[in-house]
K.L.:
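I'd like to ask you about the structure that follows.
Just so we're on the same page: letters track the sequence lines, and every chain starts at 1.
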Number of protein chains: 2
Amino acid sequence: MTSSAVVQVCSALGDENRWQILRMLGERPRSASALAAELPISRQAIAQHVEVLVRAGLVERERHGREVRYVPVGAALSAAVGQLQAAAAGWDRRLEALRRRAEGSAEVSG
Amino acid sequence: MTSSAVVQVCSALGDENRWQILRMLGERPRSASALAAELPISRQAIAQHVEVLVRAGLVERERHGREVRYVPVGAALSAAVGQLQAAAAGWDRRLEALRRRAEGSAEVSG
DNA sequence: GTCACCTGCAATAGATTGATTGCATGACGA
DNA sequence: TCGTCATGCAATCAATCTATTGCAGGTGAC
């Protein structure tokens, strides 16, 4: 892993095609070929996007005969959301303190 | 804007340098020059990262004389987290249904 | 066994991103 | 006014990412 889990999940979620794929898999697990039949990009491009999602832990492979179906993993997203939430909460607290200080005195001694 | 707000926030959060910057700004708002003095990358690189964060709505500019201080915006992160949470919840529900179906019968008729 | 289909790997081209250097502009302080 | 310091813009380079094509390997159907 080149980066922490949250960063990797965010990076994976930082692309609209991957959101689209994730949404489609959420409706119904599908193979890369099946996804390619409904999206304007090639199967290989989709395979690469899915690989990113797999590495981020957001989807899992499921073999069905010669077919590989991809299934989203809700828990991974929930976990990432939890950490983001914690970060947001921490910042909120600190930022509130900062804001109070800023309103009280714009510039104390340089 | 080239993409939706959530995607943009995720994309901005998909880089460790930007997390680092965000954390440092959370501790204490600073200028790009001040950040550059504490990070191993150039001021310009930091300025570009901060620009990404500003475009994502995660930080705001604050002029103080000839200095430009950057302040994180907790609300933006909270909002994004909220949407991610909604997505996660939706998927969780659907995925639970899928899982139940999968466990009951591996492959029903196509 | 053979055919068809789906997956997987490799190589490649184009676009985007991350980081750097150099210079110009603008504001504060002496 | 002049010097200093911080910001801002432009150009450039390297690395990464996205998407494509082509082909080899495997699995299931007949």
Side-chain angles (χ1 to χ4, degrees), chain A residues 1-4 7-22 24-25 28-56 58-71 106-110, chain B residues 1-4 7-22 24-25 28-56 58-71 106-110:
Chain A
M1 262 197 217
T2 74
S3 52
S4 82
V7 174
Q8 200 157 6
V9 168
C10 287
S11 181
L13 257 32
D15 182 287
E16 294 208 7
N17 280 327
R18 285 195 282 271
W19 272 92
Q20 178 79 12
I21 289 171
L22 223 33
M24 290 172 71
L25 293 180
R28 170 167 45 92
R30 273 172 268 211
S31 68
S33 298
L35 287 166
E38 303 181 51
L39 289 171
I41 56 180
S42 69
R43 174 180 66 88
Q44 257 57 2
I46 289 174
Q48 288 182 38
H49 280 303
V50 170
E51 179 61 26
V52 171
L53 295 171
V54 168
R55 275 203 301 260
L58 288 167
V59 314
E60 275 177 0
R61 275 174 234 275
E62 264 189 16
R63 286 214 80 123
H64 287 261
R66 67 181 157 184
E67 207 178 59
V68 176
R69 231 172 277 168
Y70 294 97
V71 186
E107 288 175 353
V108 202
S109 73
Chain B
M1 261 196 218
T2 72
S3 51
S4 82
V7 174
Q8 201 157 4
V9 169
C10 287
S11 181
L13 256 32
D15 182 289
E16 293 209 5
N17 280 327
R18 286 195 282 270
W19 273 92
Q20 177 81 11
I21 290 172
L22 223 32
M24 290 171 72
L25 292 180
R28 169 167 44 90
R30 273 171 267 212
S31 68
S33 298
L35 287 167
E38 303 180 52
L39 288 172
I41 55 178
S42 69
R43 174 180 66 87
Q44 262 70 357
I46 289 174
Q48 288 181 34
H49 280 305
V50 171
E51 178 62 25
V52 171
L53 294 171
V54 168
R55 274 205 300 260
L58 288 168
V59 313
E60 274 177 1
R61 275 174 236 275
E62 264 188 18
R63 286 215 80 123
H64 287 262
R66 68 180 156 183
E67 208 178 58
V68 175
R69 231 172 277 169
Y70 294 96
V71 186
E107 291 175 354
V108 201
S109 70

K.L.:
May I ask you to list the residues of residues 43-53 of chain B, by number, that have any heavy atom positioned under 4.0 Å from an atom of DNA chain D?
P.N.:
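Under 4.0 Å from DNA chain D: B:R43, B:Q44.
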K.L.:
Round to the nearest Å and state the distance from B:D15 atom CG to D:dC17 atom C1'.
P.N.:
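It is 14 Å, rounded to the nearest whole Å.
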K.L.:
Is there a side-chain contact between B:L13 and B:L22 (heavy atoms, below 4.5 Å)?
P.N.:
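They are in side-chain contact.
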K.L.:
So, is A:S31 near the phosphate of C:dT7, with a side-chain N or O under 4.0 Å from OP1 or OP2?
P.N.:
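So the side chain of A:S31 is within the cut-off, an N or O lying under 4.0 Å from OP1 or OP2 of C:dT7.
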K.L.:
Going by the rule side chain to side chain donor-acceptor pair (under 3.5 Å), which residues pair with A:R18 if we only count those two or more places apart in sequence or in a different chain?
P.N.:
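So A:R18 forms a side chain to side chain donor-acceptor pair (under 3.5 Å) with A:H49.
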K.L.:
Report the end-to-end axis angle of the helix from C:dG1-D:dC30 to C:dA30-D:dT1; each axis comes from five terminal pairs, and the value is rounded to 10°.
P.N.:
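Result, rounded to 10 degrees: 30°.
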K.L.:
Looking at residues at least two apart in the chain, or sitting in another chain, which of them share a side chain to side chain contact (heavy atoms under 4.5 Å, CB included) with A:Q44?
P.N.:
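Applying side chain to side chain contact (heavy atoms under 4.5 Å, CB included) to A:Q44 gives A:S42.
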K.L.:
Let me know the distance between CD1 of B:I21 and P of C:dA19, rounded to the nearest Å.
P.N.:
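Going from B:I21 (CD1) to C:dA19 (P), I get 9 Å.
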K.L.:
What is the separation between atom CD on B:E67 and atom C1' on D:dG8, rounded to the nearest whole Å?
P.N.:
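Rounded to whole Å, this separation is 15 Å.
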K.L.:
Which nucleotide in the set C:dC6, C:dG8, D:dA19 lies at the smallest distance from any side-chain heavy atom of A:V68?
P.N.:
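So the side chain of A:V68 is nearest to C:dG8.
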K.L.:
Nearest 0.5 Å please: distance from the CD1 atom of A:I46 over to the CD1 atom of A:I21.
P.N.:
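Separation between the atoms: 5.5 Å.
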K.L.:
Select from A:P40 and B:A34 the residue whose nearest nucleotide in DNA chain D is closer to the 5' end of that strand.
P.N.:
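It is B:A34, whose closest nucleotide lies nearer the 5' terminus.
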K.L.:
If you round to the nearest 0.5 Å, how far is CG of A:D15 from CD of A:Q20?
P.N.:
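A:Q20 atom CD to A:D15 atom CG measures 11.0 Å (nearest 0.5 Å).
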K.L.:
To the nearest Å, give me how far apart CZ (B:R69) and C1' (D:dC5) are.
P.N.:
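Answer to the nearest Å: 15 Å.
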K.L.:
Over how many whole Å does the gap from B:Q8 atom CD to C:dT17 atom C1' extend?
P.N.:
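Going from B:Q8 (CD) to C:dT17 (C1'), I get 14 Å.
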K.L.:
Whether B:S42 contacts C:dT20 is assessed here as follows: a side-chain N or O lying under 4.0 Å from the phosphate OP1 or OP2. Is that the case?
P.N.:
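For C:dT20, OP1 or OP2 has a side-chain N or O of B:S42 closer than 4.0 Å.
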K.L.:
Kindly write out the residues that satisfy salt bridge (charged side-chain N to carboxylate O under 4.0 Å, His left out) with B:E67, not counting sequence neighbours, or none if the list is empty.
P.N.:
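For B:E67, the residues satisfying salt bridge (charged side-chain N to carboxylate O under 4.0 Å, His left out) (neighbours in sequence not counted) are B:R69.
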K.L.:
B:V7: what forms a side chain to side chain contact (heavy atoms under 4.5 Å, CB included) with it, not counting sequence neighbours?
P.N.:
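With neighbours one apart ignored, the set is A:E16, A:W19, B:S3, B:S4.
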K.L.:
Taking only residues two or more places apart in sequence or in another chain, which ones pass salt bridge (charged side-chain N to carboxylate O under 4.0 Å, His left out) with B:R61?
P.N.:
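Listed in chain order: B:E51.
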K.L.:
For B:A34, check side chain to side chain contact (heavy atoms under 4.5 Å, CB included) against everything at least two apart and list the hits.
P.N.:
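Counting only residues at least two positions away or on another chain, B:A34 forms a side chain to side chain contact (heavy atoms under 4.5 Å, CB included) with B:R30, B:S31.
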K.L.:
Name all residues meeting the side chain to side chain contact (heavy atoms under 4.5 Å, CB included) criterion together with B:S11; count only those two or more places apart in sequence or in a different chain, and write none if there are none.
P.N.:
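Scan of B:S11 (side chain to side chain contact (heavy atoms under 4.5 Å, CB included), adjacent residues dropped) gives none.
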K.L.:
Tell me whether the OP1 or OP2 atom of C:dT7 has a side-chain N or O from A:R61 closer than 4.0 Å.
P.N.:
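No, because none of the side-chain N or O atoms of A:R61 sits under 4.0 Å from OP1 or OP2 of C:dT7.
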K.L.:
Let me confirm one number: the CG-CG distance from B:N17 to B:L53, rounded to the nearest 0.5 Å.
P.N.:
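One finds 10.5 Å between CG of B:N17 and CG of B:L53.
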K.L.:
Strictly under 4.0 angstrom, non-hydrogen atoms only: write out the protein contact profile of nucleotides 25-30 of chain C, one letter per nucleotide from the 5' end, B, S or -.
P.N.:
--BB--
